[in-house]
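Just so it is clear, the model here is predicted, and its values are computed rather than measured. The chains referred to below are lettered A, B, ... by the order of the sequence lines, with proteins before strands, and numbering in each begins at 1.
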There are 2 protein chains.
Amino acid sequence: MQERGVRVTPQRAHIWRVLVESGEHFTADEVWERVKNALPGLELSTVYRSLEALRTAGLVAESRLPEGPRMFEARPRIHPHLVCDGCGRIFHPDPEVGRRMFEALDADSGGFEVRELHVMVRGLCAECAGQGKDKAES
Amino acid sequence: MQERGVRVTPQRAHIWRVLVESGEHFTADEVWERVKNALPGLELSTVYRSLEALRTAGLVAESRLPEGPRMFEARPRIHPHLVCDGCGRIFHPDPEVGRRMFEALDADSGGFEVRELHVMVRGLCAECAGQGKDKAES
DNA sequence: TGTTTTCTGCCAATAATTAGCATGTGGGAA
DNA sequence: TTCCCACATGCTAATTATTGGCAGAAAACA
């Protein structure tokens with residue numbers, strides 16, 4: 001598994017497992033909370049360093065949403081987030097959407113070699129668009 | 001111009017002008033540097049507050065690139081950045097690319113009402129992909 | 001102009017992230 | 001299997017980026 005150039009330590013194994021098993025994205029802090037149960041002495045700085053190692057190895061992707069600290073999640077090279085300005089929730093669209101966006105980009109990227117595609121959409125989710133009509137800013 | 005709900009002050013006018021005239025994106029700090037010539041007493045916190053006001057009014061868009069502090073630039077609702085892992089430079093693809101990506105998304109966004117589309121691509125620019133072949137990580 | 005609302009300067013605080021250093025450990029070589 | 005060394009970790013402290021509180025100043029609108 002991490003015979004991809006990353007030295008395996010208990011810390012990294014746990015951190016990696018949290019990301020893979022949940023499939024969700026977490027801040028460094030949230031990862032820390034979840035791993036502390038199993039490894040009580042774990043330091044937050046170690047979490048940051050481990051996430052960075054996994055990221056460099058291409059195992060973890062990092063997203064910076066409009067608010068709050070960075071989010072980390074396992075793997076995906078194509079990475080769309082829909083952030084609702086009304087309720088603040090984050091949605092993941094159908095993977096097909098990401099694939100099509102990738103194509104649109106790759107077709108004419110002027111020689112740029114695409115490795116990771118991060119898409120962050122601000123707007124209103126179906127629910128918030130329906131009711132509160134406009135006000136927004138959560 | 002800012003009769004769009006934003007009270008006009010000299011500070012805001014200068015900040016806005018820096019963004020519009022250059023057409024580039026800057027960090028709050030960079031904006032500060034550029035406006036300090038004209039307004040020596042200007043505080044960085046004021047720059048942050050002004051940018052936030054302009055952003056809320058829809059005049060300024062904010063991007064969080066993979067590294068470094070937030071970037072602000074005038075206007076664009078659709079907003080693709082290509083960040084080269086080799087040299088760190090940031091490229092803006094042809095607007096047409098952004099438009100097609102928007103379409104790909106909008107066609108199947110599950111009722112999500114899109115307001116701003118931020119696209120951040122990591123990879124290698126033509127130049128870096130050509131020579132150093134792979135190493136990367138600037 | 002007068003009044004009200006809102007910015008702004010100034011200063012301090014918080015949040016997020018990184019750095020330094022001594023010790024410990026994973027994992028290939030012997 | 002054991003040894004060795006580069007690299008990871010714990011701990012602590014520093015740095016960056018960003019936000020908050022408050023009193024005086026200055027927009028907008030009547």
Query raised in the report: Can you tell me how far P of D/dC11 sits from CG of A/L42, to the nearest Å?
Result: 10 Å
Query - Spacing of B/R64 atom CZ relative to D/dT16 atom P, expressed in whole Å - result: 18 Å
Query raised in the report: Do any N or O atoms from the side chain of B/W32 and from the backbone of B/L42 form a donor-acceptor pair under 3.5 angstrom?
Result: yes
Query - Side chain B/R64, main chain A/L65, donor-acceptor under 3.5 Å - result: yes
Requested in this report: Compare side-chain N and O positions of A/Y48 against OP1 and OP2 of C/dT17 and report whether any pair is under 4.0 Å apart.
Outcome: yes
Requested in this report: Could you tell me the separation between the CG atom of B/L51 and the P atom of C/dT8, rounded to a whole number of Å?
Outcome: 11 Å
Query - Distance test, side-chain N/O of B/R12 to OP1/OP2 of C/dC7, below 4.0 Å - result: yes
Query raised in the report: Taking atom P of D/dA8 as reference, at what distance in whole Å does atom CD1 of A/I15 sit?
Result: 13 Å
Query raised in the report: Does the side chain of B/H79 come under 3.5 Å of the side chain of B/E73 through a donor N or O and an acceptor N or O?
Result: yes
Query raised in the report: Is B/E52 salt-bridged to B/R55, cutoff N-O under 4.0 Å?
Result: yes
Query raised in the report: Nearest to the side chain of A/T9 - D/dT9, D/dG21, D/dA27?
Result: D/dT9
Query raised in the report: Looking only at side-chain N and O atoms, does B/Q11 come under 4.0 Å of OP1 or OP2 in D/dA26?
Result: no
Report summary line: On DNA chain D, more 5' by nearest nucleotide between B/G68 and B/P10 is B/G68
Requested in this report: Provide, to the nearest angstrom, the distance between the CD atom belonging to B/E33 and the C1' atom belonging to D/dA17.
Outcome: 15 Å
Report task. Using atom CG of A/L39 as one end and atom C1' of D/dA8 as the other, report the distance to the nearest whole Å. Result -> 13 Å
Report task. Go through the N and O atoms of the side chain of B/R49 and the base of C/dG9, and report whether any donor-acceptor pair is under 3.5 Å. Result -> yes
Requested in this report: Check the distance between D/dT15's P and B/L44's CG and give it to me in whole angstrom.
Outcome: 18 Å
Requested in this report: Indicate whether the side chain of A/H25 and that of A/E30 have a donor and an acceptor atom separated by less than 3.5 Å.
Outcome: no
Report summary line: Between CH2 of B/W32 and P of D/dT16 the distance, given in whole Å, is 14 Å
Requested in this report: Give a yes/no answer on whether the side chain of A/R7 brings an N or O atom under 4.0 Å of OP1 or OP2 in C/dG27.
Outcome: no
Query raised in the report: Does A/R70 have a side-chain nitrogen or oxygen under 4.0 Å from the phosphate oxygens OP1 or OP2 of D/dA17?
Result: no
Query raised in the report: Can you tell which of C/dA19, C/dC10, D/dT9 lies closest to the side chain of A/S45?
Result: C/dA19
Query raised in the report: D/dT9 phosphate, OP1 or OP2: any side-chain N/O from A/S50 under 4.0 angstrom?
Result: yes
